[in-house]
Amino acid sequence: MSKPGSLTYIQEQDKYWSNQQAETQPICRVTPTNALEVAATLLITTFFQCPFAVKSGGHAAFEGASNIQGGVTIDLVGLKQVQVSADRTLTQVGAGNRWLDVYSKLDMQQLSVIGGRVADIGVGGLTLGGEQDVLAGEKS
Amino acid sequence: MVLASGKIAEINQNSNPDLYFALRGGGNNFGIVTRFDLETFPQGNMWGGMTIHPITANASVYDAFYNFANNATNDPDAALITAVALAQGRYIFSNDYEYAKPIVNPPIFHEFTSIPNITSTMRITNMSDLARELNASNPGGFRETYTTATFKNNPELQVKILDIFVHEVDGIKDAKGILPALVMQPITKDMISYFSKKGGNALGISESDGPLICTLPLCSRRHFCFIFYIFRQLTR
């Protein structure tokens, strides 16, 4: 967990693409490293009735998308696994990854997935919000 | 994903078809997704990059776009996205192309590549390199806004939209640090055909609706932006 003024807080706030999001100041930022920690964070936050936001890549263009003034921001950047299955037909992608993180690992293995074509866009927002993909014509 | 109860569950078409369907476009409203399992396929080198053209090429660009969108089913290895932007006070096209095989200038792109360009970075490369390049034309550090509207494939309409865009942006283009752009990308019949995979079409469009043009006016500015006014003009 990080609070305003700490180096971690400042560095994480700096990762937002739009200034509207970068200028939003949560009371604290939490960076879980696995799903259990995400669940614990969520339960604690809702128990205390704290407004919260969730961040994947932080590339949205509107205030409140993945940062929250005076609330708790749950930053998924710690969920960053890119794990290809043994038969190479499935990749487990942590929700904190950006598409460049995914492609640079998969390019090394001559593999790919359907995803965004702009490096800094997060896997979470694009996948859940609908996406326009390079390879979608042949492979969706 | 983590549900509101705190429960961590695997969500797929078989386990939770309603929730799985709702997540397509449902954003962050139903829980916190912690992991995505993505279908993976072999992918080697690609051919792609960006070309810049003067705005006077608009009829050629949009005619090429129209034919590309209609012919895309003949070669689903190809994808593109066109953008009109301001560069040093001049309107230019900045077009981005991707081809899933390492073949230079495949026929599906010929109509585009025959348009004289100011610069071109077309090359044999890979997906991460192309993603980095396209990212560089969308830098952070600005106040951002964009919106979208989708139309049927129609080059005359694209030219008309461009005319409105230029007319409206002319009024504000001297504003300090402003970066307006008009992005258009095709939604091909092939793409639409895959929307129904695994539980149904969340967008409510069918192959016969396509091909479509997804238009995206975007504005970056240090302080604020007139984009929604421009967009209202465009959709009238």
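Keep in mind it's a predicted model, so treat the numbers as computed, not measured. Chain naming here is simple, since letters A, B, ... match the order of the sequence lines and numbering starts at 1 in each.
- A side-chain donor-acceptor contact under 3.5 Å links Asn67(A) and Thr73(A).
- Using a 4.5 Å cut-off between heavy atoms, Leu90(A) contacts chain B through both its backbone and its side chain.
- One side chain, Ser220(B) or Glu144(B), offers a donor N or O that lies under 3.5 Å from an acceptor on the other.
- With a 4.5 angstrom heavy-atom cutoff, Ala40(A) does not touch chain B via any of its atoms.
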message: Phe112(B) vs Phe65(B), test: ring-ring contact (aromatic ring centres under 6.0 Å, His included). Steps then yes/no.
response: CA-CA 8 Å; Phe112(B) 277 104; Phe65(B) 186 109; 7.2 Å; no
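- There is no contact between Ala22(A) and chain B, counting heavy-atom distances below 4.5 Å.
- Proximity to chain B (any heavy atom under 4.5 Å) is restricted, for Gln81(A), to the side chain, taken from C-beta onward.
- Checked by atom type and distance alone, the side chain of Thr147(B) never pairs as donor or acceptor with a backbone atom of Thr145(B) at under 3.5 Å.
- In this structure, Val82(A) and Tyr103(A) have side chains that are not in contact, with every pair of non-hydrogen atoms separated by 4.5 Å or more.
- Both the backbone and the side chain of Asp120(A) come within less than 4.5 Å of a heavy atom in chain B.
- Ranking Pro139(B), Gly31(B), Ala72(B) against chain A, the residue ahead of the rest is Pro139(B), based on heavy-atom pairs under 4.5 Å.
- Within the 4.5 angstrom heavy-atom criterion, only side-chain atoms of Ile74(A), from C-beta onward, approach chain B.
- The candidate from Asn45(B), Asn138(B), Thr40(B) with the greatest count of non-hydrogen atom pairs under 4.5 Å with chain A is Thr40(B).
- Side chain to side chain, Ser66(A) and Gln21(A) meet the donor-acceptor criterion of an N or O pair below 3.5 Å.
- Contacts of Leu111(A) with chain B are made by both backbone and side-chain atoms, with heavy-atom separations under 4.5 Å.
- Using modelled atom types, one finds a donor on one side chain and an acceptor on the other under 3.5 Å when comparing Ser208(B) with Ser206(B).
- For Leu3(B), the part lying near chain A is the backbone, with the side chain staying farther off; criterion is any non-hydrogen pair under 4.5 Å.
- Taking a cutoff of 4.0 Å between a charged side-chain nitrogen and a carboxylate oxygen, Arg123(B) and Asp129(B) qualify as a salt bridge.
- Using a 4.5 Å cut-off between heavy atoms, Ser193(B) does not touch chain A at all.
- Heavy atoms of Thr91(A) lying under 4.5 Å from chain B belong to its backbone as well as its side chain.
- Considering only heavy-atom pairs separated by less than 4.5 Å from chain A, the leading option among Leu134(B), Asp37(B), Asn28(B), Val2(B) is Asp37(B).
- Classification of the Phe109(B)-Phe68(B) ring pair by plane angle, with boundaries at 30° and 60°, yields parallel.
- Counting heavy-atom pairs under 4.5 Å between each of Tyr16(A), Trp17(A), Phe62(A) and chain B puts Trp17(A) at the top.
- For Ile8(B), the part lying under 4.5 angstrom from a heavy atom of chain A is the side chain only.
- At a 4.5 Å heavy-atom cutoff, the contact between Leu23(B) and chain A is made by backbone and side-chain atoms alike.
- Counted by atom type alone, Thr51(B) and Tyr97(B) present one or more donor-acceptor pairs between their side chains at under 3.5 Å.
- Between chain A and the residues Leu203(B), Ile81(B), Thr73(B), the largest count of heavy-atom pairs under 4.5 Å involves Ile81(B).
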